[in-house]
Structure formats: structure tokens, C-alpha cells
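Notes to accompany the following structure.
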Number of protein chains: 2
Amino acid sequence: MTGATLRSDRSDVNHMRSVSVALGVLEAVSERQPVGVSELSRAMQLPKSTAQRMLLTLGELGWIRASPEEPTRWSLTTKAQAIGSRHRGQEEIRHIALPAMHGLSATTGETVHLSVPEDRRIVLLDKIEGEHPVRTHTEVGRSAPLHTTASGKAVLAAMPPAQAAALLGAAPLEALTDHTDTDVEAILQELEGVRRHGYAVAVGTRHPDVAAVGAAILSEPGQPVATLSLSLPSQRFPRRLWPVYGEQVARAAAECSRQLGWDPLP
Amino acid sequence: MTGATLRSDRSDVNHMRSVSVALGVLEAVSERQPVGVSELSRAMQLPKSTAQRMLLTLGELGWIRASPEEPTRWSLTTKAQAIGSRHRGQEEIRHIALPAMHGLSATTGETVHLSVPEDRRIVLLDKIEGEHPVRTHTEVGRSAPLHTTASGKAVLAAMPPAQAAALLGAAPLEALTDHTDTDVEAILQELEGVRRHGYAVAVGTRHPDVAAVGAAILSEPGQPVATLSLSLPSQRFPRRLWPVYGEQVARAAAECSRQLGWDPLP
DNA sequence: ACGACCGTGCCACCACGTGGCACGGTTTGC
DNA sequence: GCAAACCGTGCCACGTGGTGGCACGGTCGT
């Protein structure tokens with residue numbers, strides 16, 4: 001929720017103040033809809049009149065709308081989603097991956113994630129929630145550093161080693177928990193194991209109680225374009241299950257790769 | 001879609017010019033990504049320097065990014081999608097409807113649509129493409145007037161008759177094809193048939209060669225919140241198939257309604 | 001070698017967005 | 001019952017932030 005993108009802006013306030021504020025408002029509305037003027041102005045530390053002008057403007061432009069019952073509280077329209085769903089290549093990948101995701105969901109009963117790499121992070125594109133009464137909580141659109149997730153490691157293992165090393169070395173690695181490995185050398189070595197097994201495992205590296213198994217989906221020249229993964233509580237994931245789930249995920253991901261036109265031979 | 005905003009949008013220019021332009025740019029980028037500065041400035045009839053400032057700003061704010069290979073052409077990031085996927089209630093509906101959609105897709109082989117009503121229009125929320133080599137082309141996020149689609153008629157038939165009449169009478173009904181019915185009385189009468197059968201059929205009312213069958217998904221107080229529909233070429237949809245597909249769609253929609261807590265007894 | 005593109009950068013001007021403030025209505029507290 | 005504290009709304013003088021014309025260097029196609 002709030003902790004995802006720490007307000008690390010403040011450095012580049014030089015460009016387009018009003019636009020920056022407007023998009024911030026749009027984001028804030030999406031997080032706490034339906035929301036009123038005052039609540040919003042407090043949350044964003046904005047003058048109330050400014051906040052209202054933003055809401056009115058975004059409303060006129062068709063991005064948000066007042067609820068029919070509560071005409072002073074605003075929510076998103078489908079416009080933002082319409083824009084977002086045009087994200088390049090997303091449609092094709094989703095279409096191909098969904099059946100495989102349902103298969104994994106059916107055989108394991110756990111939450112299945114479809115993610116894509118973006119810069120030095122991995123972004124959750126879609127998910128199918130598991131049936132267990134206790135599950136991991138995630139949100140479509142959220143992202144995490146590559147080295148903190150199973151999906152991220154699967155991606156790193158599937159790209160050219162030099163590129164993986166460059167990505168990991170570009171900036172100091174963040175530790176999200178005590179179990180997050182932040183040593184580049186150690187991670188690069190772990191990636192060899194991932195390549196050997198065909199899947200990556202992460203236990204408590206992003207959140208103390210959450211574990212995951214992931215495998216990369218490869219496209220044309222053998223490059224990773226997405227990942228499939230299972231996300232589940234660490235308690236429900238003893239080491240003996242690693243290869244069980246791991247191989248299922250790897251098989252599902254390979255099937256997606258094949259449909260994308262990339263046949264992993266060896 | 002060049003003709004959208006001709007130079008003189010004069011009515012609402014009073015509010016937040018730069019924001020309006022920025023969101024317009026965002027939308028334009030989503031439609032023609034990856035796109036460069038000059039192409040964009042031409043398409044939006046904007047000074048090149050302004051267009052570039054917008055792109056840089058949107059980039060700094062994380063909504064778009066330059067392609068790694070072509071550093072001067074911009075595409076969307078997943079941010080817009082992250083925002084859009086928080087659209088109220090969408091997540092729950094998608095989660096419930098997806099299995100039913102796959103069922104329909106498997107038994108019919110046709111493209112399955114999940115749509116939601118918004119104002120006087122019906123918006124495509126998600127879809128599963130069929131297997132036929134010739135299919136209807138649609139895009140998630142696109143919308144159409146209620147009275148031009150099977151989904152829209154299913155929604156109208158499921159809401160209180162007074163509300164349906166109010167929606168239809170609020171403004172003159174647009175005719176998208178020769179087959180679009182624009183007479184309010186005639187449509188209201190057709191809705192009775194929809195209620196009796198449990199599904200709506202539309203042939204050539206939105207596009208000459210496209211047909212559809214749809215049924216509404218109802219939530220708590222019996223109100224329509226979404227629809228399931230099949231979209232297919234008219235040629236592949238002879239009248240004898242109407243009840244076949246119609247009842248399948250209605251059954252799938254009813255199952256979704258039940259999971260939303262609304263049991264259609266009578 | 002030329003012109004027609006491209007993406008980039010600068011900067012004087014003044015429209016545009018800003019935000020403090022006040023109003024009327026409704027909910028809360030006592 | 002009243003007052004205080006909220007709410008959403010609207011106004012408007014101020015000055016800053018956005019505008020867009022213009023020019024530059026690079027890279028095509030011819």
C-alpha cells in the first residue's frame with residue numbers, strides 16, 4: 001500500500017508541477033477510492049482548493065468520476081485501465097499464459113503470478129488467487145527489485161550473464177528482509193543453480209513469511225519476457241516441495257515459451 | 001483517430017491546460033507506441049518543444065519510458081496498468097468470471113467478452129480470444145453505447161425498467177449501422193424478450209458483420225454489474241444457434257451471479 | 001552536397017495555475 | 001441545544017511555471 005513507492009521525488013520538481021500533481025492525484029485516487037476532497041488534500045499535503053481543481057479537471061477529462069450515490073467522492077473510470085491494457089506485448093503474453101496459469105492453479109491450489117521484467121524490477125502483470133484460506137497478499141501492478149523475488153532471479157538467470165551482472169551491479173542492492181541476499185557475487189552463483197534446475201526459489205527474501213518458485217518465459221531470441229511463479233506462505237513450502245512445484249512451474253513456463261515461438265531444446 | 005480533437009476545443013479549456021495536454025499525450029502514446037517527438041507533435045497539433053517537455057515529464061514521473069534500443073521513442077510502462085487494475089470491483093469480478101469465461105471459450109470456441117456498464121456505455125473489461133482463424137477484432141477498454149451491443153441490452157434488461165427507459169431517453173440514440181435500432185419504444189419492447197429468454201442477441205447493430213450473445217451478471221440487490229458475451233462474425237451465427245449459445249452464456253453468467261452472492265431463483 | 005527530416009536545448013513573455021480565504025451546510029461532541 | 005469541526009464549494013490577486021517560437025547538430029535518403 002503506502003510503502004511501495006516512497007516519495008523519493010522532490011528532486012525533480014523542476015518539470016511540470018501541475019502535471020506531476022495531477023498524476024499524483026490520479027494515483028492517490030486509485031489507492032483510496034472512493035475519496036473526497038478533504039481526505040485527498042490531507043493525504044497529499046495539498047491545499048484543498050488545489051486538490052478540488054485537480055479532481056474536477058480529471059473528472060472533466062474522463063479519468064475519474066463522482067460516485068452516483070455519493071456525488072462528492074471520486075473513483076477511477078475504466079479509462080486508466082484502457083490505457084494500461086495497451087501496454088506493449090502484454091495482451092499476447094496474457095493470452096498465452098492464462099491457460100498455463102489455470103493449470104498450475106488447479107494442480108497446486110496456490111496463487112499463480114504472471115510477471116514481467118521492467119528495468120531493474122519485476123512487475124506483477126496478472127494473477128490467479130489460490131483457494132487456501134491463508135494466502136499471500138499481492139496487487140497487480142506492484143513491483144519489487146529483481147534480486148528479491150523468485151521471478152526476478154528466474155529472469156536474471158535466463159538473460160546473458162553479462163547483462164545480469166550489469167543490472168545487479170548498477171546500484172547497491174536493497175535488502176527488504178534479513179534473508180535478502182545483497183552480495184552480487186553470491187547471487188550470480190545462485191543463478192547458476194537456477195539455470196541448472198530450470199526454476200528459482202525465494203524464501204523470505206521479499207517479505208519474511210512469503211515464499212515463491214518461479215520460471216522464466218522466453219521469446220524469440222531466447223530472451224526472458226515474463227515469468228510464471230507460485231506465491232505462498234513459507235510454512236507451506238518445505239524444502240521437499242521445491243522440486244515438485246519447481247518442475248511444474250518450469251514445465252508450464254516452457255509451454256508458454258514454445259507458444260511464443262521459442263523451443264528450449266537442451 | 002486523428003479527427004478526435006480539432007484545434008478548437010473551446011468549451012472546457014478553462015481548467016488545467018497543461019494537465020489536459022499531458023493526459024492527452026499519455027493517451028496518444030498508448031495508441032501509437034513506440035512514438036517519437038515529432039510524430040506525436042504532429043498527431044496532436046502541438047509545438048514540438050511542448051510535446052517533448054510532456055514526454056520528458058511523463059518519463060520522469062514513471063508513466064512512459066524510452067525504448068532501450070531506440071532511446072528516442074517512447075512507450076508506456078506498467079504504471080498506467082497498475083492504476084487501471086485498481087478500478088473498483090474489477091478485481092473481484094474478473095476473478096470470479098475468468099473460470100466461466102474459459103468454460104464458454106472451450107465449449108464454443110468463440111471469443112468471450114467480460115464487460116461492465118459505465119454511464120450510458122458498456123466497456124470491455126477483459127476477453128479470451130477464440131480459436132477460429134476469422135474472428136472479431138476488439139480491444140480491452142473500448143466502449144460502445146448500451147443499445148448497440150448484446151451486453152448492453154442484457155444490462156438494460158436487468159435493471160429497473162424505469163432506469164433503463166431513463167438511460168435510453170436521456171439523449172438521442174446513435175445509429176452505428178443500418179441495423180442499429182434507435183427507437184426507444186422498440187428497444188424497451190425487445191428488452192422484455194431478453195428478460196424472458198435470459199440472454200440478449202445483437203446482429204450487426206454495432207458493426208455490420210459482427211454478432212453477439214450476452215447475459216448479465218447480477219450482484220447483491222439484483223443489480224447488473226457486468227456481462228458475459230460471445231462475439232463472432234454474423235455468418236457463423238445462424239438463428240438456430242441463438243438459443244444454444246444464449247443458454248450457455250446465461251448459465252455461465254448465472255453461475256457468476258451466484259458467486260457474487262446473488263441467487264436468481266425464479 | 002544538399003535538403004528534409006530527426007531529437008534537443010534555450011529563453012523572454014504573460015497566461016495559467018496557485019493557494020489563502022470565506023461561505024453555507026451537515027455531522028460531531030458535550 | 002449550541003458550538004466547534006468537519007465537509008464540499010467558490011472566488012480572485014499574485015507571480016511563477018509553462019509556453020512555443022526559434023536555432024542547433026546529427027542522420028538519413030537522394
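Basis for what follows: all heavy atoms, side chains included, without hydrogens, waters or symmetry-related copies.
Within the 4.5 Å cutoff, the side chain of A/Met16 has no heavy atoms near those of the B/Leu61 side chain.
For A/Thr50, no side-chain nitrogen or oxygen approaches OP1 or OP2 of C/dT18 to under 4.0 Å. A close approach under 4.0 Å does occur between a side-chain nitrogen or oxygen of A/Ser38 and OP1 or OP2 of D/dC7.
Atom CG of A/Leu58 and atom P of C/dG17 are 13 Å apart (whole Å). The distance between atom CE of B/Met16 and atom P of D/dG18, rounded to the nearest whole Å, is 11 Å. Residue A/Gln52 contributes atom CD, which lies 13 Å from atom P of D/dC7 at whole-angstrom precision. Rounded to whole angstrom, the span from the CG atom of B/Leu56 across to the P atom of D/dG18 amounts to 13 Å. The distance from atom CE of A/Met44 to atom P of C/dT18 is 12 Å, rounded to the nearest whole Å. In this entry the distance linking CZ of B/Arg17 with C1' of C/dC14 reads 13 Å, nearest Å. With rounding to whole Å, B/Leu55 atom CG is found 13 Å from D/dT19 atom P. We find that CG of B/Leu46 is positioned 10 Å from C1' of D/dT19, with the value rounded to whole Å.
In this model, a side-chain donor or acceptor of A/Ser49 finds a partner on the base of C/dG19 within 3.5 Å. Side-chain atoms of B/Arg53 stay outside donor-acceptor range of the base of C/dG9, with no qualifying N/O pair under 3.5 Å. Side-chain to base pairing of A/Lys48 with D/dG8: one donor and one acceptor N or O lie within less than 3.5 Å of each other.
Heavy-atom nearest nucleotides on DNA chain D were determined for A/Glu39 and for A/Val19, and the one closer to the 5' end corresponds to A/Glu39. The 5' end of DNA chain C is approached more closely, in terms of each residue's nearest nucleotide, by B/Arg42 than by the other of A/Met54 and B/Arg42.
A donor-acceptor contact shorter than 3.5 Å links the side chain of A/Arg195 to the backbone of A/Ala157.
Checking D/dG8, C/dG7, C/dG19 against every side-chain atom of B/Val37, the shortest atom distance belongs to C/dG7.
Rounded to 10°, the angle separating the first-five-pair axis and the last-five-pair axis of the helix from C/dG3-D/dC28 to C/dG29-D/dC2 equals 30°.
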